2 protein chains.
Amino acid sequence: MVHEVLAAVLQVRYATSGPPTLRVLLWRRALDPHIGRWSLPGGRLRPDEDVEASIRRQLAEKVDVKQLSHVEQLAVFSAPDRVPGPRVVATAFLGLVPTGVDPEVPEDTAWHELDALPRTAFDHGAIALRARDRLRAKLCYTNLGFALAPKEFTVSTLRDLYSAALGYRVSATNLQRVLSRRGLLAPTGGTAVPGRAGGRPAALYSFTGKGIQVTDPFAVFRPPARPPRRPARRAAPS
Amino acid sequence: MVHEVLAAVLQVRYATSGPPTLRVLLWRRALDPHIGRWSLPGGRLRPDEDVEASIRRQLAEKVDVKQLSHVEQLAVFSAPDRVPGPRVVATAFLGLVPTGVDPEVPEDTAWHELDALPRTAFDHGAIALRARDRLRAKLCYTNLGFALAPKEFTVSTLRDLYSAALGYRVSATNLQRVLSRRGLLAPTGGTAVPGRAGGRPAALYSFTGKGIQVTDPFAVFRPPARPPRRPARRAAPS
DNA sequence: GCAAAAGTGTTTTAGTTACACCCATGG
DNA sequence: CCATGGGTGTAACTAAAACACTTTTGC
């Protein structure tokens with residue numbers, strides 16, 4: 001049995017016009033099964049590496065590894081007929097590249113909008129959409145935004161990144177407040193120059209931490225963290 | 001390369017005394033590498049099945065499959081040296097069994113408290129703890145409680161289950177309210193008989209849905225679901 | 001000055017925790 | 001009738017969304 005690793009590498013990219021969009025790096029197959037269709041980068045797992053080392057190695061051919069801001073396992077795809085011919089089990093990954101970096105990619109690869117995926121090889125389209133779902137969920141309850149954003153950014157920029165990734169308009173005001181309250185944003189002191197239309201110069205921010213951390217672990221059923229607010233208030237009548 | 005599937009099957013079990021505890025089904029190895037240590041049930045992936053079908057098949061030897069209330073992928077464990085000898089990549093699963101059912105398990109298997117795991121074979125201890133973490137997280141933002149609880153239960157019972165799974169005391173009052181508001185609890189009409197100490201008979205409830213569903217998807221950054229609350233309230237002076 | 005964009009102050013809303021109190025049963 | 005556990009009513013608290021308003025720039 002062959003084990004392969006695949007990665008849906010996502011990035012929010014600015015097009016020449018219109019708002020930025022969430023995209024996935026796809027590669028046009030040159031070999032026979034599903035020749036010409038778009039597929040996720042990846043390849044065989046080697047004997048001396050675990051799956052994460054493997055996907056990082058294989059991505060190095062497409063994207064400079066240092067540009068990958070986040071990599072995490074998605075799931076195993078193992079339907080016996082997921083690819084024709086001898087069986088191949090795949091471990092799929094989500095990879096993220098910050099906005100702004102534009103990696104040199106080979107001729108046969110391109111960034112495709114997740115909202116308008118082309119015909120993909122095998123189950124790669126489904127994997128890419130799973131990656132998007134995972135990203136959307138984690139943006140809400142972790143600090144994963146750091147993996148989408150450049151080192152320094154304005155709140156407006158960040159709002160655009162979140163909006164593109166989540167698929168709906170996010171308010172800059174509230175984004176600022178929520179991320180600040182959680183201690184994720186730090187002003188760098190610098191300011192951005194306003195556009196030709198004017199406007200107050202925006203302050204620059206950066207994320208405080210680099211690694212992923214859960215910021216909102218308990219939606220409910222919080223453990224009784226704090227000691228009672230009012231210390232023994234009950235009266236003792238006689 | 002060999003691909004195996006492993007499952008951490010968890011259940012909240014009542015001991016003869018003390019509060020119920022979260023336990024995992026382990027099996028004592030009879031073969032040479034790590035002989036005598038406790039390990040997770042599972043085995044080789046066969047050519048004609050995907051990983052979920054495989055783990056369900058293999059668990060059928062230990063636990064009646066119909067008693068499994070939930071099965072989900074955890075992660076791939078693929079360190080080259082995770083088991084001695086020829087390489088084995090493992091797909092790990094979380095499995096749940098409702099409280100109350102006591103499956104016939106083979107002689108060489110037993111339920112072990114997750115808070116006091118014995119010496120386990122290979123990386124199986126780490127896998128079991130990952131399963132516990134996943135369960136704890138999902139209890140908070142999904143309806144996964146249905147997979148821990150029996151068909152009918154009192155709120156007190158449910159409180160005990162959640163407390164055991166989460167590892168901290170949960171308030172029955174608030175558990176009732178949160179699950180009710182989310183539309184997950186339905187009174188069955190029946191009542192439980194009070195214990196010998198008396199007390200008001202508790203109403204019986206059941207979960208409304210069977211499949212897992214996310215009940216609290218957005219901790220923050222909620223999409224702008226509802227239309228504006230006040231329709232155009234601004235006064236037009238002049 | 002005016003439009004545009006950024007940022008802050010304040011109100012509203014929602015959901016959960018905390019806690020007091022009432023209810024029904026066994027002895 | 002009282003201890004025990006079950007259940008409800010309500011206040012307190014937290015966090016986020018909504019929105020009005022101020023600030024700072026280009027033209």
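Everything numeric in this text was worked out from a predicted model, so none of it was measured. Here is how names work: the chains are called A, B, and so on, in the same order as the sequence lines, proteins then strands, and each is numbered from 1.
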NA contact type, A/A172, heavy-atom cut-off 4.0 Å: base, sugar-phosphate, or nothing? nothing
For a quick check of understanding: with a heavy-atom distance under 4.0 Å over all strands, which category does A/S156 fall into, base, sugar-phosphate or nothing? sugar-phosphate
Can you tell me how far [atom2] of [N] sits from [atom1] of [X], to the nearest Å?
X      : N      : atom1 : atom2 : answer
A/L175 : C/dT8  : CG    : C1'   : 16 Å
B/L166 : C/dT17 : CG    : P     : 12 Å
B/R177 : C/dA14 : CZ    : P     : 18 Å
A/R169 : D/dA17 : CZ    : C1'   : 17 Å
B/L179 : C/dG15 : CG    : P     : 15 Å
B/R200 : D/dG6  : CZ    : P     : 10 Å

Using only side-chain N and O atoms of [X], determine if any of them is under 4.0 Å from OP1 or OP2 of [N].
X      : N      : result
A/R181 : D/dA16 : yes
B/Q176 : D/dG7  : no
A/R159 : C/dG7  : no

Side chain of [X] only, heavy atoms from C-beta on: which candidate in [options] is closest?
X      : options               : answer
B/R196 : C/dA18, C/dG27, C/dA4 : C/dG27
B/N174 : C/dA18, C/dG7, D/dA17 : C/dA18
B/R222 : C/dG26, D/dA16, D/dT8 : D/dA16

Separation between CG (A/L204) and OG1 (A/T188), nearest 0.5 Å, reads 4.5 Å
Taking for A/A197 and for A/S171 the nucleotide of DNA chain D with the nearest heavy atom, the one nearer the 5' end belongs to A/S171
A/P201 or A/T173, whichever maps to the more 5' nucleotide of DNA chain D: A/T173
Could you check, using the six-membered ring where one of them is a Trp, whether A/W38 and A/H124 have ring centers closer than 6.0 angstrom? no
Could you label the plane-to-plane angle of the B/F146 and B/F207 rings as parallel, tilted or perpendicular, counting under 30° as parallel and over 60° as perpendicular? perpendicular
Would A/E113 and A/R13 pass as an ion pair if we require N to O under 4.0 Å? no
Looking at A/R132 and A/D115, does any basic side-chain N land under 4.0 Å from a carboxylate oxygen? yes
If you assign B/G199 and B/D216 each to the DNA chain C nucleotide with the nearest heavy atom, which residue ends up on the more 5' nucleotide? B/D216
